[in-house]
Amino acid sequence: MPAVAARAIDLQKRYGAGDSEVRALDGVSLDIAAREFTAIMGPSGSGKSTLMHCLAALDTPTSGDVRIGDVTLSGLRDKALTTLRREEVGFVFQAFNLVPTLTARENILLPLSLAGRKPDREWFDTVVDTVGLRDRLTHRPSQMSGGQQQRVACARALVSKPSIVFADEPTGNLDSTSGAEVLGFLRRSVDEFDQTIVMVTHDPVAASYCDRVVFLADGRIVDEIRSPDREQILEHMTALQAAAVRGQV
Ligand SMILES: Nc1ncnc2c1ncn2[C@@H]1O[C@H](COP(=O)(O)OP(=O)(O)OP(=O)(O)O)[C@@H](O)[C@H]1O
Ligand SMILES: [Mg+2]
């Protein structure tokens, strides 16, 4: 795997035109290192979800380009894009997005079933044991806690061994204990399985699980810290907030 798992090259994403134009992304260039856990933070509306969706090939930028591994997305036709999304990218949403009528096992295996691929039995077992869901495999989402459901969603994102996993506020709907379970699992999948993860979060504690935090404001990258602790993250969030109030960001 290349050292850079994904790359954003001068991404612009605009909505509307003229006076009502919104620049959701305004020239974002970013390398996501392989085998790192990266957090994306920033105020509401700063472009975090838009950036993740562009990086994950779920949305297309107005200009600029995205590379996943060695592949440049703008050069791909629909079919190749679908395959790349299916094979190389995992996505975890804030609202778990599980299928209510399927069991945990069926939900985890759904992307593989849809792709007509057979699960790697050993890897499935490893993922299930790592998320701690062995005794919940026959349960439906309504029979599980929020944390358990989000761990099912994480397992579903990882079971196809994607080269990169994106998580948009994966702990946003969870209490702190369930959030810690999910974050612990994401951290372990980077440390033990060499997974690459990009996560949007508003929570400095969640971001402190990461190797790197990238800060967005008004569609631009304005700051970044490595190996952050909670206090450092809070300080940067406060400084950015103050700069925004003064109109400097
Ligand atoms: N489909 C759309 N049409 C018009 N404007 C949009 C659309 N999607 C997003 N935007 C605008 O683009 C900007 C960035 O949105 P985005 O969802 O990326 O923000 P965010 O940082 O994820 O915010 P939050 O923390 O609230 O989730 C916002 O101003 C938003 O209103
Ligand atoms: Mg968002």
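Just follow the structure's listing: the first ligand is 1, and inside any ligand the first atom is 1.
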Answer yes or no: is there a side-chain heavy-atom contact under 4.5 Å between V213 and I233? yes

Of all protein heavy atoms, the one nearest atom 12 (O) of ligand 1 is A24 CB, 3.3 Å

Of G47, S49, C54, which has the heavy atom at the shortest distance from atom 22 (O) of ligand 1? S49

Just heavy atoms, cut-off under 4.0 Å: does V22 contact ligand 1 by side chain, backbone, both, or neither? side chain

Stepwise side chain to side chain donor-acceptor pair (under 3.5 Å) check, D229 with S208: CA-CA 5 Å; D229 62 30; S208 69; over 6 Å; no

Which value, rounded to the nearest 0.5 Å, describes the distance between T38 atom OG1 and L55 atom CG? 10.0 Å

Atoms of ligand 1, numbered as shown, that sit under 4.0 Å from any heavy atom of S46: 19 (O), 21 (O)

for atom 25 (O) of ligand 1, nearest protein heavy atom and its distance come out as K48 NZ, 2.7 Å

Which residue supplies the protein heavy atom nearest to atom 3 (N) of ligand 1, what is that atom called, and how far is it? Y15 CD2, 3.4 Å

I need the nearest protein heavy-atom contact for atom 23 (O) of ligand 1: residue, atom name and distance, please. G45 N, 2.8 Å

Is atom 20 (P) of ligand 1 near the protein, in the sense that some protein heavy atom lies at less than 4.0 Å from it? yes

Treat each ILVMFWY residue as a node, draw an edge where side-chain heavy atoms are under 4.5 Å apart, and state whether M237 and I221 are in one component. no

Heavy atoms of the protein only: does one fall short of 4.0 Å from atom 28 (C) of ligand 1? yes

Is it the side chain (CB and beyond), the backbone, both or neither of H202 that lies under 4.0 Å from ligand 1, heavy atoms counted? side chain

Reference residue I40; test side-chain contact (heavy atoms from CB on, under 4.5 Å); the match among V198, T201, I32: V198

Identify which of D59, T201, T50 has a heavy atom lying nearest to atom 18 (O) of ligand 1. T50

Output the list of atoms in ligand 1 that are nearer than 4.0 Å to some heavy atom of P43, sorted by atom number. 21 (O)

Which residue and atom name correspond to the protein heavy atom nearest atom 26 (O) of ligand 1, and how close is it? S44 OG, 2.6 Å

Under 2.8 Å from the Mg ion (ligand 2), the protein N, O or S atoms found are S49 OG

Flag for E88-S163: side-chain donor and acceptor within less than 3.5 Å: yes

Which one of R35, R187, R226 satisfies the salt bridge (Lys or Arg N to Asp or Glu O under 4.0 Å) criterion with D211? R187

Working to the nearest 0.5 Å, report the span between CD of Q148 and OG of S178. 8.0 Å

Under a plain distance cut-off of 3.5 Å, with no hydrogens placed, do D10 and S29 share a side-chain donor-acceptor pair? no

Looking only at side-chain N and O atoms, does D65 offer a donor or acceptor that is under 3.5 Å from a partner on S74? yes

Applying the 4.5 Å side-chain criterion to the ILVMFWY set and letting contacts propagate, would I9 and V4 be lumped into a single cluster? no

Is the closest side-chain heavy-atom distance between L25 and P61 below 4.5 Å? no

Answer yes or no: does an N/O atom from G42 fall short of 3.5 Å to an N/O atom of ligand 1? no

Does the ring centre of H53 sit less than 6.0 Å away from the ring centre of F166? no

